[in-house]
Amino acid sequence: IYRNCSIMAPVYKLHYFPVKALGEPIRFLMSYGNIEFKDNRIELEQWPALKPNMPFGQMPVLEFNGNQAHQSVAICRYLAKQVKLAGANDLEDLEIDAVVDTIIDLRMKINAFAKEEDAQNKEKLKKVFLEETHPFYLSRFEALAKSNNGYLAAGKLTWADIYFVALLDLMSFRIGKKLTEGCATLLKLEEKVLNLPGIKEWVANRPVTDV
């Protein structure tokens, strides 16, 4: 993070591509907390000129008070503290971080076949994912939610739930079906998160994209 001292209230500006993907958990958290932000959607043709100005040449980047914060999970963790969705103690934070890291593991396993360029190998990897990896992860996420009052960590709503639900469109699109299909507790969790007032308003008004 690049720091700039200021006593003014933060004015947030999110730089990301015109998709949900890794920007959506950040948008969800700010919407949940009623944090005003500018959703700066950068088209692919604009990116080469802007890339040198971004920390490590990647997005999403969250700007506020002259700071440039990068790494989507680090940004989410920061925002979670601002909107009171972090853990109440170190143990709860450990639970939340473990869940978020596992969601990232799952997303990367999806990427392994989704971004494969060889069509034959792509289908082979996708078949293994759908028959083995998907049920392995989703059964455990479902059990985790059942043991946490319908949430993924700490027995209450945390940023892990927001992070998971915000990425569902991306992951479902890439596997060609709803990721949480057949998981009653996870489907109910998705419904709860999408009906949180700030998030419900964001989803109703956000630009329409597949991922």
Side-chain angles (χ1 to χ4, degrees), residues 16-29 44 47 56-61 70-80 85 87 92-148 150-154 157-194 199 203 209-211:
Y16 195 53
F17 298 108
V19 292
K20 300 167 192 165
L22 299 184
E24 207 64 4
I26 298 169
R27 298 177 185 125
F28 268 35
L29 283 165
L44 285 176
W47 177 233
F56 291 88
Q58 294 179 321
M59 295 192 294
V61 167
H70 68 292
Q71 288 294 349
S72 59
V73 176
I75 294 169
C76 287
R77 191 176 289 112
Y78 162 80
L79 289 171
L85 284 179
E92 287 191 358
D93 280 332
L94 175 61
E95 283 186 56
I96 294 165
D97 285 345
V99 169
V100 170
D101 285 346
T102 307
I103 295 166
I104 293 167
D105 285 347
L106 176 61
R107 183 176 64 81
M108 296 308 293
K109 289 180 186 299
I110 293 171
N111 283 352
F113 71 80
K115 295 186 176 183
E116 171 60 51
E117 294 182 359
D118 180 270
Q120 189 173 357
N121 197 40
K122 184 187 186 85
E123 284 307 308
K124 186 187 298 182
L125 291 171
K126 184 175 180 180
K127 185 174 187 291
V128 171
F129 176 86
L130 291 174
E131 292 180 358
E132 299 176 19
T133 311
H134 178 264
F136 175 88
Y137 273 85
L138 270 294
S139 63
R140 282 157 178 76
F141 277 130
E142 175 75 2
L144 200 58
K146 284 181 179 177
S147 67
N148 276 285
Y151 299 101
L152 291 174
L157 179 71
T158 70
W159 71 276
D161 304 301
I162 306 293
Y163 188 82
F164 180 68
V165 174
L167 288 177
L168 282 177
D169 283 349
L170 171 66
M171 293 190 287
S172 295
F173 179 83
R174 285 186 168 168
I175 69 172
K177 70 172 189 176
K178 191 169 182 63
L179 184 83
T180 51
E181 183 181 290
C183 300
T185 313
L186 295 177
L187 287 167
K188 192 169 182 179
L189 172 61
E190 180 184 4
E191 184 182 356
K192 283 188 284 191
V193 169
L194 292 177
I199 292 174
V203 171
T209 61
D210 288 328
V211 299

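Computed from heavy atoms alone, side chains included, the values below leave out hydrogens, waters and symmetry copies. Since this is a predicted model, take the numbers as computed values, not measurements. When a residue number appears, it is its place in the shown sequence, counting from 1.
Note: Phe141 and Tyr137 have tilted aromatic rings, judged against thresholds of 30 and 60 degrees for the angle between ring planes.
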Criterion side chain to side chain contact (heavy atoms under 4.5 Å, CB included) on Leu22 and Phe17, from CA distance to verdict: CA-CA 9 Å; Leu22 299 184; Phe17 298 108; over 6 Å; no
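When all heavy atoms of Asp210 and Lys20 are compared, the closest pair comes out as O-NZ, 4.1 Å. Closest approach of Leu170 to Arg107, counting heavy atoms only: CD2-CD, 4.1 Å. The minimum heavy-atom distance linking Ala160 with Val99 is given by the pair CB-CG1, 4.0 Å. Here the shortest heavy-atom pairing between Tyr163 and Cys76 reads CD1-SG, 4.1 Å. The shortest heavy-atom contact between Phe129 and Pro135 is O-CD, 4.0 Å. The two residues Thr102 and Ala98 make their nearest non-hydrogen contact at OG1-O, 2.7 Å.
One distance of note links CG of Leu167 with CZ of Arg174; it measures 10.0 Å at 0.5 Å rounding. Note: Glu24 CD to Ser72 OG = 12.5 Å, rounded to the nearest 0.5 Å.
Remark: side-chain polar atoms of Gln71 are not paired, donor with acceptor, to backbone N or O of Val73 under 3.5 angstrom. At least one donor-acceptor pair closer than 3.5 Å links the side chain of Asp161 to the backbone N or O of Thr158. Looking at Glu95, its side chain does come within 3.5 Å of a backbone N or O of Ala154 through a donor-acceptor pair. Between the side chain of Lys122 and the main chain of Ala114, a donor-acceptor pair closer than 3.5 Å is present. At least one donor-acceptor pair closer than 3.5 Å links the side chain of Glu142 to the backbone N or O of Leu186. Counting only distance, with no hydrogens or angles, the side chain of Ser172 and the backbone of Leu179 share a donor-acceptor pair below 3.5 Å.
Heavy atoms of other residues, nucleotides or ligands lying less than 6.0 angstrom from NZ of Lys192 number more than 12. Other residues, nucleotides and ligands contribute only 12 or fewer heavy atoms inside 6.0 Å of the NZ atom of Lys115.
A 4.5 Å side-chain heavy-atom check between Leu138 and Leu106 finds at least one atom pair inside the cut-off.
Ionic pairing of Arg77 and Asp93 is not present here: no N-O contact between side-chain nitrogen and carboxylate oxygen is shorter than 4.0 angstrom. Salt-bridge formation is not detected for the pair Lys126/Glu123: no Lys NZ or Arg NE/NH1/NH2 atom is positioned less than 4.0 Å from an Asp or Glu carboxylate oxygen.
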